[in-house]
Every structure is written in structure tokens, then in C-alpha cells.
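What follows is a set of notes on a single structure, which appears directly below.
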Amino acid sequence: MTAESVIDTQGDQTTAQPPVTVRASLSPSRAADFKTCPLLYRFRSIDRLPERPTVEQARGTLVHAVLERLFDLPAPARTPESAGDLVAPQWDRLVTEEPELAELFADGDADGREEFLRSASALLHGYFSVEDPRRLEPAKREALISAVVDDELLIRGYLDRLDVAPDGALRVVDYKTGGAPREAFEARALFQLKFYALVLWRTRGVVPRVLRLLYLKDAEVCDYAPDAEELVRFERTVVALWRAIEQATARQDFRPRPSRLCDWCSHQARCPSFGGTPPPFPVAAAAPDPLVDARARPATPGADE
């Protein structure tokens with residue numbers, strides 16, 4: 001696939017309503033949570049415990065928002081200077097939509113806010129080091145895509161960007177605002193992209209030619225080329241993972257799985273591995289809404305870092 005102008009020649013086929021047989025849904029973030037630590041999945045998807053945003057998460061959200069809005073501009077105007085001009089307005093918009101983000105900086109901490117905005121601008125310079133947005137016309141940005149597998153499981157998630165070449169080839173692009181690549185995080189990121197690749201294959205009949213990770217901090221690109229046989233195996237993995245989640249829910253048995261990712265977990269105080277005690281298992285979890293998959297957007301500190 002070239003970096004030339006790309007268009008969506010296949011229309012919006014990923015937003016069709018799922019069949020009435022659907023009884024559960026799963027996003028790549030929540031699937032990755034269960035793979036990483038079943039107890040983390042429970043805290044997020046069943047207990048739905050709140051998590052305070054971190055500076056790293058907020059920075060990633062801001063950079064994603066700027067890159068999404070950048071493509072609203074005419075191609076010649078998609079310059080580093082234009083991206084920098086979007087940083088402060090996009091941050092103000094995010095704070096208006098999510099007031100808790102304002103709590104990241106103490107009242108009157110103008111210096112902290114300005115340093116935060118400068119750090120976001122630095123990541124945008126990393127983006128322009130690896131890609132020229134003037135040569136691209138993405139088919140989708142920050143788009144929710146979904147497909148049904150195993151006749152009853154809806155898999156869905158938000159992809160950062162989808163490029164469709166004139167010959168119909170697909171490229172899935174994911175922006176990473178942290179350093180590249182670290183093994184634990186790289187595996188999670190590729191799992192997420194394979195999830196999107198499976199959805200696109202099932203809805204469009206086309207295996208994405210490229211799954212691309214753009215590491216903005218280090219200005220690095222990681223490309224992966226899946227094939228149909230691999231996606232068939234991956235689909236089996238996703239279905240097996242959901243069945244394991246159903247079994248754990250029925251047994252009310254979600255055990256911790258300590259790893260390096262524990263350093264970024266917001267729930268150590270409730271985790272037995274750190275001397276904590278989980279809250280009582282919610283009664284409502286016995287009959288959840290099958291189409292509600294809490295926190296569909298990536299949220300784990302470090303998953304994008």
C-alpha cells in the first residue's frame with residue numbers, strides 16, 4: 001500500500017445492526033484485560049470501578065483528538081504548525097466534555113498545564129516524522145466497527161484510522177503515544193489490531209494488508225501483515241476467551257494474574273496480590289445487558305505507553 005490518497009470505496013459496511021441472536025459483546029480492550037488479569041476484567045467490566053485519569057492517558061487522548069481533527073483540514077493545511085494550533089483548543093474541548101481531566105492540574109497550576117500541552121505537541125512532531133498527512137485521505141477516523149462471530153458474540157471497538165487504497169486494500173493504523181516497543185505492551189497492541197482485522201475481514205471480506213502501529217514518542221513504525229488463516233485461528237481464540245469469561249462470571253471466580261503491568265493498575269488496594277480484598281460480587285452481574293461492554297475505549301495506563 002502506498003501513502004497516496006486513499007478513499008473508502010466500499011461504503012460504511014461496519015455499522016450494520018447485529019442479528020437478534022447476539023447475546024454478548026466484547027471489545028479488544030476488555031478482551032485484553034481478561035488475558036492480562038481476570039480480576040482486572042472483573043473490576044472494569046463487572047464492578048465498573050471508577051479509575052482516575054492519569055497524565056499519560058490524558059496526553060494520549062489529546063494527541064488522538066488532534067490527529068483526528070487534523071484530517072478535517074484541507075490536505076495542504078495539514079502541517080506541524082496546524083497540528084500545534086489544535087492542541088490547546090482540543091484540550092479545552094476534552095475538559096469541557098470530561099471535567100475530571102481538569103483535576104490533573106491543581107488550581108492555578110498554569111505552568112503544569114502548559115508543560116503538559118508542550119509534551120503533547122512534542123508527540124505530534126514524532127507523528128510528522130513518520131507520516132505525511134497531506135498525502136492521505138483516511139476512510140475512517142476514531143470509528144466504531146463491529147461484527148458478529150460464533151453467531152452470538154458481537155465483537156467491536158474503536159480504531160484510530162482506516163485507510164482504503166484505490167485497489168481496495170486496507171490499512172489499519174493505531175497511534176501509540178509511548179515508547180516503542182516493549183514486549184508486554186506490543187503484544188497487547190497487536191492483539192488489538194488483530195481484533196480490528198477480524199472485524200474488517202468478516203464485514204468486508206477483505207483481510208487488511210497492513211496493521212500499522214505508529215509510535216510517536218520514538219518516531220517508529222511497526223507493520224504487521226495478517227492472513228486469513230491467522231484470522232481464523234484468532235477468531236477461535238476470541239470465542240474461547242469469551243467462553244472463559246462466561247465461565248468465570250458464572251462461578252464468580254476472577255483471579256489476579258500478577259505481572260509487570262500491575263505497576264500501572266488503579267486497583268492494587270482491592271487486589272489480593274497486594275493484600276487487598278475485592279468488593280462483593282455484584283448481584284446484577286448475573287444478568288448483564290448483553291450489548292453493554294463497559295469502557296469500550298482503551299483505558300489501561302501503559303497499554304498505550
Side-chain angles (χ1 to χ4, degrees), residues 13-19 21-51 53 57 60-61 64 68 98 140-162 172-176 185-204 208 211 213 226 231 234-249 254 257 261 264-267 285 288-305:
Q13 301 179 32
T14 59
T15 57
Q17 292 298 317
T21 55
V22 169
R23 67 183 184 86
S25 73
L26 189 64
S27 72
S29 296
R30 298 294 72 81
D33 283 345
F34 189 81
K35 281 169 56 68
T36 300
C37 174
L39 186 58
L40 177 62
Y41 173 90
R42 181 199 145 171
F43 285 155
R44 284 182 166 162
S45 294
I46 297 179
D47 297 293
R48 305 200 179 191
L49 299 178
E51 296 181 4
Q57 285 176 310
T61 299
H64 279 71
E68 180 185 6
E98 302 178 52
K140 292 183 180 294
R141 291 171 281 146
E142 296 294 330
L144 176 64
I145 60 174
S146 62
V148 175
V149 297
D150 200 38
D151 295 328
E152 59 184 7
L153 175 62
L154 179 72
I155 59 173
R156 59 185 180 177
Y158 286 87
L159 50 79
D160 289 344
R161 200 180 84 214
L162 176 66
V172 179
V173 179
D174 196 64
Y175 308 123
K176 297 298 179 188
F185 302 148
E186 189 78 4
R188 181 178 176 117
L190 285 176
F191 178 88
Q192 180 181 6
L193 289 184
K194 289 179 183 179
F195 207 100
Y196 299 148
L198 175 58
V199 171
L200 292 168
W201 182 41
R202 288 306 187 199
T203 55
R204 294 171 177 256
L211 306 179
L213 295 165
L231 293 182
F234 185 75
E235 182 174 15
R236 295 193 189 110
T237 297
V238 170
V239 171
L241 186 64
W242 176 250
R243 289 174 180 163
I245 292 173
E246 287 191 313
Q247 291 177 358
T249 303
F254 291 86
R257 185 176 298 150
L261 296 175
W264 287 271
C265 184
S266 301
H267 306 294
D289 182 340
L291 297 184
V292 171
D293 181 18
R295 302 173 58 86
R297 299 290 290 129
T300 302
D304 190 44
E305 301 303 317

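Since the structure is predicted, the reported quantities are computational estimates derived from the model, not experimental observations. Residues take their numbers from the sequence shown, with the count starting at 1.
- Considering only heavy atoms from C-beta on, Val238 comes within 4.5 Å of Ile155 through its side chain.
- Note: Lys194 NZ to Leu198 CG = 11.5 Å, rounded to the nearest 0.5 Å.
- Between Lys176 and Asp174 there is a salt bridge, since a side-chain N of the basic residue sits under 4.0 Å from a carboxylate O of the acidic one.
- Counting only heavy atoms from C-beta outward, the side chains of Ile46 and Thr249 approach each other to under 4.5 Å.
- The structure places CG of Asp33 at 10.0 Å from CG of Leu261, a figure rounded to the nearest 0.5 Å.
- Val22 places none of its side-chain heavy atoms less than 4.5 Å from the side chain of Leu153.
- Centroid-to-centroid, the aromatic rings of Phe43 and Phe254 stay 6.0 Å apart or farther.
- The shortest non-hydrogen separation linking Ile245 to Tyr41 is CG2-OH, 3.4 Å.
- In this structure the side chain of Leu40 reaches within 4.5 angstrom of the side chain of Cys265, judged on heavy atoms.
- With a 4.5 Å cut-off on side-chain heavy atoms, Leu162 and Leu200 count as touching.
- Tyr175 contributes no side-chain N or O that, together with a main-chain N or O of Gly60, makes up a donor-acceptor pair within less than 3.5 Å.
- Side-chain contact between Pro38 and Arg257 is present, with at least one heavy-atom pair separated by less than 4.5 Å.
- Listed for the Arg156 side chain is no donor-acceptor partner under 3.5 Å among the backbone atoms of Val199.
- When side chains are defined from C-beta on, Asp160 counts as touching His64, because their heavy atoms get closer than 4.5 Å.
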Would you please test Leu193 and Leu213 for side chain to side chain contact (heavy atoms under 4.5 Å, CB included) and show each step?
CA-CA 9 Å; Leu193 289 184; Leu213 295 165; 3.5 Å; yes
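- In plain terms, the two heavy atoms of Leu211 and Ala197 that are nearest each other are CD2-CB, 3.9 Å.
- With sequence neighbours left out, the salt bridge (charged side-chain N to carboxylate O under 4.0 Å, His left out) criterion links Glu98 to no other residue.
- Salt-bridge annotation for Asp47 and Arg42: present, with a side-chain N of the basic residue lying under 4.0 Å from a carboxylate O of the acidic one.
- Looking at every heavy atom in both residues, Ser45 comes nearest to Arg30 through OG-CD, 2.8 Å.
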Glu142 and Arg161: CA distance, side-chain angles, deciding distance, salt bridge (Lys or Arg N to Asp or Glu O under 4.0 Å) verdict
CA-CA 6 Å; Glu142 296 294 330; Arg161 200 180 84 214; over 6 Å; no
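- Among residues two or more places apart in sequence or in another chain, the salt bridge (charged side-chain N to carboxylate O under 4.0 Å, His left out) test is passed with Arg243 by Asp150.
- Looking at every heavy atom in both residues, Phe195 comes nearest to Leu26 through CZ-O, 3.4 Å.
- For Glu68, there are no side chain to side chain donor-acceptor pair (under 3.5 Å) partners, not counting sequence neighbours.
- Salt-bridge check for Arg44 with Glu51: passed, with a basic side-chain N closer than 4.0 Å to an acidic carboxylate O.
- Nearest heavy atom pair, residue Ala31 against residue Phe191, reads CB-CE2, 3.7 Å.
- Smallest separation of non-hydrogen atoms from Ser25 and Trp242: O-CZ3, 3.9 Å.
- For the atom pair SG (Cys37) and NE2 (His267), the distance works out to 10.0 Å, reported to the nearest 0.5 Å.
- At a threshold of 4.5 Å between non-hydrogen side-chain atoms, the residues Leu159 and Leu144 do not count as touching.
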